[in-house]
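Shown next, in structure tokens, is the structure this report addresses.
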Amino acid sequence: MSLDLSLVLDLIGVFFFAVSGSLLAARKGFDLIGSVLLGSMAGLGGGVVRDVILNQGPPAAFSHPIYLVPALVASALVYFTLKNVQRSGRLLLMFDAGGLALFCVTGTLKALDAGMNPGAGILLGVTTAVGGGILRDITANEVPSVFDPKGLYAIPAFIGAALAAALWQLGWLNLFTGGAAAAVVFLLRILSLRYGWHAPLAARSWTPHRAGRG
């Protein structure tokens, strides 16, 4: 997969996560500046963590101003088009799933291109995918999606990162196969929410309902 293609997918991932951040800001009653900041944090946070770990100079979000464009567009889109804040929850989850799907692929690709072994590349791909969402949710005083037992989050990211690493190793990673890996992640995330799939809880005797009652 070429660097230009990786950049395009990265920017699309930034946009998806930034929309999720701006939607959450709207639900929380933040002002427009808060929407831009929360959207930027969601869209850029995972990539900044990735680039700091790779230690290849300043993070792309700071060295390439184009990374700020998707976050600004996302905030403007939410500001001008969102009609019903209370019904935006499903939309937020879909954009979050899209960002998760794209970032686990591009994060893994960047790690492998930087010389990391496949195992480390997968871990960094997952870190890239979940990092922005964690920062977004903590800032907005929400339980981060990666810790929410109501659906699968990190597991689809691991699967997508592993698929990307395998395709890269085989020399088969391109727009079509990378997009297919991202689509698998997106579908797993959405289906897990639809059907209540979740990973085993920290204590086997608990259920989400009991845990919620303390």
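Looking at heavy atoms from C-beta onward, F62 lies in side-chain contact with V48 at the 4.5 angstrom threshold. Contact annotation: the side chain of V52 approaches that of P59 to within less than 4.5 Å [non-hydrogen atoms, C-beta and beyond]. Side-chain contact between R136 and E142 is absent, with no heavy atoms from C-beta onward closer than 4.5 Å. A heavy-atom distance below 4.5 Å is found between the side chains of P118 and Q169. Counting heavy atoms from C-beta outward, D113 and W168 have side chains that approach closer than 4.5 Å. Within the 4.5 Å cutoff, no side-chain heavy atoms of V69 are placed close to those of F15. Inter-residue side-chain proximity for L100 and V185 is flagged as met; some heavy-atom pair is nearer than 4.5 Å. In this structure, F186 and M94 have side chains that are in contact, with non-hydrogen atoms separated by less than 4.5 Å.
A distance of 7.0 Å separates CG of L37 from CE of M41, quoted to the nearest 0.5 Å. Rounded to the nearest 0.5 Å, atoms CZ (R194) and CZ (R90) are 8.5 Å apart.
Side-chain atoms of S192 come within 3.5 Å of backbone atoms of L152 as a donor-acceptor pair (strictly under, hydrogens ignored). Side chain of S75 to backbone of L72: no donor-acceptor contact under 3.5 angstrom is found. T177 places a side-chain N or O within donor-acceptor distance of the main-chain N or O of W172, the cut-off being under 3.5 Å. The backbone N or O of L124 sits less than 3.5 Å from a side-chain atom of T128, completing a donor-acceptor pair.
Between F103 and F17, the gap from one ring centroid to the other is short of 6.0 Å.
Residue A140 comes nearest to K28 through the heavy atom pair O-CE, 3.1 Å, listed as atom of the first residue, atom of the second, then distance. The nearest pair of heavy atoms linking A101 to A182 is CB-O, 3.1 Å. Of all non-hydrogen atoms in L193 and G151, the two that sit nearest each other are CD2-CA, 4.1 Å. The shortest heavy-atom contact between I122 and A162 is CD1-CA, 3.7 Å. For A161 against V126, the heavy-atom pair with the smallest separation is CB-CG2, 4.2 Å. Taking all atoms of both residues into account, the shortest heavy-atom contact from I53 to M116 is CG2-CE, 4.1 Å.
Taking the six-membered ring where tryptophan is involved, the planes of W197 and Y195 are essentially parallel, since the angle between them stays under 30° and well short of 60°.
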Passes side-chain contact (heavy atoms from CB on, under 4.5 Å), L102 versus V14? Steps please.
CA-CA 9 Å; L102 289 165; V14 170; over 6 Å; no
Between D148 and S145, is a side chain to side chain donor-acceptor pair (under 3.5 Å) present by the stated rule, with each step listed?
CA-CA 5 Å; D148 192 340; S145 297; 6.0 Å; no
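L32 and V85 are not part of a single hydrophobic cluster, where members link through side-chain heavy atoms under 4.5 Å apart. Note: the hydrophobic cluster containing V73 also contains L91 (ILVMFWY, side chain heavy atoms under 4.5 Å, direct or indirect links).
Residue pairs meeting the salt bridge (Lys or Arg N to Asp or Glu O under 4.0 Å) criterion with at least one member in residues 97-108: none, sequence neighbours excluded.
Applying the ring pair (Phe, Tyr, Trp, His ring centres under 6.0 Å) criterion to Y153, with sequence neighbours excluded, gives no partner residue.
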